[in-house]
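We use all heavy atoms of the structure for the numbers below, so side chains are in, but hydrogens, waters and symmetry mates are not. In this text the structure is predicted, and so the values were computed from the model without any measurement. In what follows, every chain begins at residue 1, and chains take the letters A, B, ... in the order their sequences are listed.
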Amino acid sequence: MPVISLTTDFGLADPYAGIMKGVIASICPAARVIDLTHLIDPQDVHGAAYVLSDARPYFPEDTVHVCVVDPGVGSGRRIVALRTAAGVFLAPDNGVLSLVLEDPAPVEVFRVENPDIFLHPVSRTFHGRDVFAPAAAYLASGMPLGRLGAPVAAHSLVRLDFGPHAGFDKDGGLTGAIIAVDRFGNLVSNITRAHLQEAFGIREDEDVSVCVQVGDQVISGIVGSYQSVRQGTPLAIIGSTGRLEISVNGGNAGRYFVAGRGDPVTLRRDGTAGPGAA
Amino acid sequence: MPVISLTTDFGLADPYAGIMKGVIASICPAARVIDLTHLIDPQDVHGAAYVLSDARPYFPEDTVHVCVVDPGVGSGRRIVALRTAAGVFLAPDNGVLSLVLEDPAPVEVFRVENPDIFLHPVSRTFHGRDVFAPAAAYLASGMPLGRLGAPVAAHSLVRLDFGPHAGFDKDGGLTGAIIAVDRFGNLVSNITRAHLQEAFGIREDEDVSVCVQVGDQVISGIVGSYQSVRQGTPLAIIGSTGRLEISVNGGNAGRYFVAGRGDPVTLRRDGTAGPGAA
Amino acid sequence: MPVISLTTDFGLADPYAGIMKGVIASICPAARVIDLTHLIDPQDVHGAAYVLSDARPYFPEDTVHVCVVDPGVGSGRRIVALRTAAGVFLAPDNGVLSLVLEDPAPVEVFRVENPDIFLHPVSRTFHGRDVFAPAAAYLASGMPLGRLGAPVAAHSLVRLDFGPHAGFDKDGGLTGAIIAVDRFGNLVSNITRAHLQEAFGIREDEDVSVCVQVGDQVISGIVGSYQSVRQGTPLAIIGSTGRLEISVNGGNAGRYFVAGRGDPVTLRRDGTAGPGAA
């Protein structure tokens with residue numbers, strides 16, 4: 001039973017995602033469609049890139065991941081399909097696959113341009129329905145990627161800057177940024193377990209003696225569970241995607257810190273917090 | 001694999017839609033259920049009618065489209081099932097099928113009244129669960145429509161007024177209204193490609209020399225893609241349902257124009273915009 | 001075709017629920033996953049308990065109902081799986097199954113602790129992905145519950161207080177509380193048909209001569225349908241879950257009464273409304 005995942009900024013009030021599923025059911029009735037989210041902020045290519053990156057390890061390897069966050073719809077921007085070890089990805093060539101492209105090199109990359117697979121007339125504003133959905137359904141039905149169009153060189157694909165990258169400060173600290181705030185108010189940073197290991201020799205998800213600074217407040221240590229601190233108290237923890245997250249046990253860190261996407265997060269060895277620390 | 005689509009005003013926080021799917025899975029395990037939307041404004045029969053109308057061409061022809069936007073639940077209002085060339089529709093007879101009824105005449109129309117197919121006790125407030133879901137599941141299982149109840153004359157079905165209809169002004173212009181605002185702020189009008197062709201001889205989705213007035217502002221021309229204008233600039237375009245839409249490239253037309261449902265949209269040949277034009 | 005239902009507080013913007021479905025599709029491709037809701041208020045165990053309780057009668061008996069409303073994730077709280085006549089339930093042992101446990105005693109209860117069924121590494125913050133989803137998928141595939149871990153005594157499971165319980169006042173009235181407000185503004189109380197029968201001898205969903213007090217306003221009688229009163233008028237009705245609900249015909253009772261969860265609802269025989277009655 002083939003699987004197709006959908007990631008869009010269509011929202012849930014309009015029937016756009018449902019219409020894509022109608023097209024898919026018309027072409028590949030056996031396909032199972034799984035919504036990753038339709039609530040990407042409108043045209044937020046970066047946010048969609050994180051969703052695809054975080055979700056792909058948890059899907060069957062032959063899943064067709066479709067992403068329609070496509071500010072350039074109707075322009076000359078390419079639509080591409082690529083196969084990697086993690087699955088097949090179908091998206092506009094606008095950088096939304098930047099993080100997927102950090103995996104080992106894709107096996108195949110093709111432009112999606114064969115009008116035989118489109119719904120006609122192809123609208124200027126809803127390629128999700130007329131291009132992405134039928135292409136995904138045919139791929140889920142077993143059509144080879146090469147039928148979509150001409151081969152594309154992987155190095156020619158648009159890659160976005162996801163900075164400020166987490167990196168070392170000259171005083172031995174590590175600085176990153178908040179890349180997402182989830183429904184619970186958890187502040188997800190771009191500082192990964194690998195960064196922590198490199199900077200501080202941290203190997204396990206155990207309590208770690210570093211100071212984590214968000215805004216003008218400092219959290220002491222990275223803990224192993226929310227319950228390591230009292231109810232209502234902030235904490236730093238390695239989240240489910242392997243990234244450092246700032247949370248409040250039983251609370252909402254986004255409101256607690258009045259912090260959001262793009263705000264810096266700085267780590268220092270315990271006792272070396274900067275002058276702005278609370 | 002039979003397909004059932006759902007369109008309701010139940011929202012997504014309450015388990016009402018999920019419970020309908022439980023009922024369907026209990027009766028017709030093979031059915032694939034596709035959500036069109038559960039975020040129709042409460043009791044907004046007009047909004048639901050547009051969703052059904054826009055979605056139906058993109059579904060398999062034997063899809064059972066279920067619409068539960070039903071302010072009259074518990075009253076004497078009829079529930080009807082009808083088969084057209086576009087699919088089977090199951091809905092309260094409150095006008096929500098008005099646009100579907102503009103298709104070639106339905107082949108079959110029946111009242112949904114056979115208590116053998118209902119869940120008992122039938123609640124007074126949730127026919128989605130006790131009437132619509134089991135009826136849809138039995139239809140998806142292959143039950144003939146005639147088992148639902150007595151035949152109904154198609155001309156007796158409730159039809160709603162969807163005006164103000166797009167129509168000609170005495171000075172040669174064309175006036176319509178905004179019928180929906182989507183998540184991107186696109187203002188969808190009731191002016192169709194057919195209206196434009198009749199009024200101005202417009203045949204293709206190419207740049208067209210008309211002035212489009214929304215509020216006291218005028219947009220010059222209908223363009224073929226969002227990128228035909230600069231970022232942040234308003235435009236008029238034929239949208240994916242064949243209706244004229246007002247958008248802002250990379251922006252939100254609803255906020256730009258402070259316009260919404262019911263507001264007028266007027267088109268004139270270029271150079272003939274009214275005195276209110278900006 | 002096995003069915004898995006999902007009830008979480010993950011929201012719909014983040015891909016958490018979709019990732020659970022990816023895990024399920026990887027392990028048990030045949031499973032059909034039905035969302036009950038992902039919009040439980042964050043960490044609202046009581047709200048989730050009502051959803052499970054209201055939905056379970058409408059699903060196939062071998063459905064695996066998964067609930068991830070789990071403020072204790074990462075702590076020592078148990079995860080349990082239990083089979084009752086109504087289905088299989090998989091949830092943290094935090095009281096969310098309290099209402100399900102009012103059914104006839106569960107046939108089997110086991111702790112979910114067998115690492116062979118988890119995804120590794122098991123994160124500290126997302127057991128939905130690493131524990132609940134694979135456990136549900138293996139159960140849907142036919143794995144016996146006993147493979148999950150050690151048996152658990154049903155009486156040891158956490159049970160929450162769902163009070164104030166509906167109960168008799170010393171003056172012969174019946175007092176309950178609002179337990180939920182749905183999208184239409186209907187105020188759902190914890191007063192059931194059984195309470196009404198015991199207090200007032202009410203047997204049928206017919207118009208009943210009691211006064212229903214919400215805040216300082218009194219509604220006269222329990223009606224059989226919304227249309228029993230004029231548009232815009234408040235009413236009391238037995239809702240689809242068998243609980244007394246306060247509604248406004250064509251309106252929103254939550255706004256009309258400025259009432260919400262936890263507010264009291266008092267019933268008295270007609271003519272005996274308290275001094276606060278309007």
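- Using a 4.5 Å cut-off between heavy atoms, B:Ala17 makes no contact with chain C at all.
- Looking at B:Arg129, its side chain does come within 3.5 Å of a backbone N or O of C:Ser240 through a donor-acceptor pair.
- Ranking B:Val23, B:Ile27, B:Asp9 against chain C, the residue ahead of the rest is B:Asp9, based on heavy-atom pairs under 4.5 Å.
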C:His46 vs C:Leu160, side-chain contact (heavy atoms from CB on, under 4.5 Å): CA-CA, chis, key distance, verdict: CA-CA 8 Å; C:His46 287 79; C:Leu160 288 179; 3.8 Å; yes
Start with the C-alpha gap between C:Ile237 and C:Tyr226, add the side-chain angles, then the distance that decides, and say whether side-chain contact (heavy atoms from CB on, under 4.5 Å) holds. CA-CA 8 Å; C:Ile237 192 168; C:Tyr226 296 133; 4.2 Å; yes
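- The contact between C:Asp35 and chain B is made entirely by backbone atoms, counting heavy-atom distances below 4.5 Å.
- Heavy-atom distances place the side chain of C:Leu12, and not its backbone, under 4.5 Å from chain B.
- The aromatic rings of B:Phe10 and B:Phe126 sit perpendicular to each other, their planes meeting at more than 60°, with 30° as the lower class boundary.
- If you measure heavy-atom distances from B:His127 to chain C, you find no contacts under 4.5 Å at all.
- Ring geometry for C:Phe89 versus C:His65: interplanar angle under 30°, hence parallel rather than tilted (30 to 60°).
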Could you walk me through whether B:Asp130 and B:Ser123 pass the side chain to side chain donor-acceptor pair (under 3.5 Å) test, one step at a time? CA-CA 7 Å; B:Asp130 300 331; B:Ser123 74; 3.0 Å; yes
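- C:Leu36 touches chain B through backbone and side chain together, each having a heavy atom under 4.5 Å away.
- With a 4.5 Å cut-off on non-hydrogen atoms, C:Tyr58 touches chain B through its backbone and its side chain both.
- With a 4.5 angstrom heavy-atom cutoff, B:Leu119 touches chain C only via side-chain atoms.
- Interface summary for chain C: among B:Pro71, B:Gly76, B:Ala31, the most heavy-atom pairs under 4.5 angstrom belong to B:Ala31.
- Proximity of a side-chain donor or acceptor of C:Arg32 to a complementary backbone N or O of B:Pro29 within less than 3.5 Å is detected.
- Per-residue heavy-atom pair counts under 4.5 Å with chain B were compared for C:Pro60, C:Gly242, C:Ser247, and the maximum is reached by C:Pro60.
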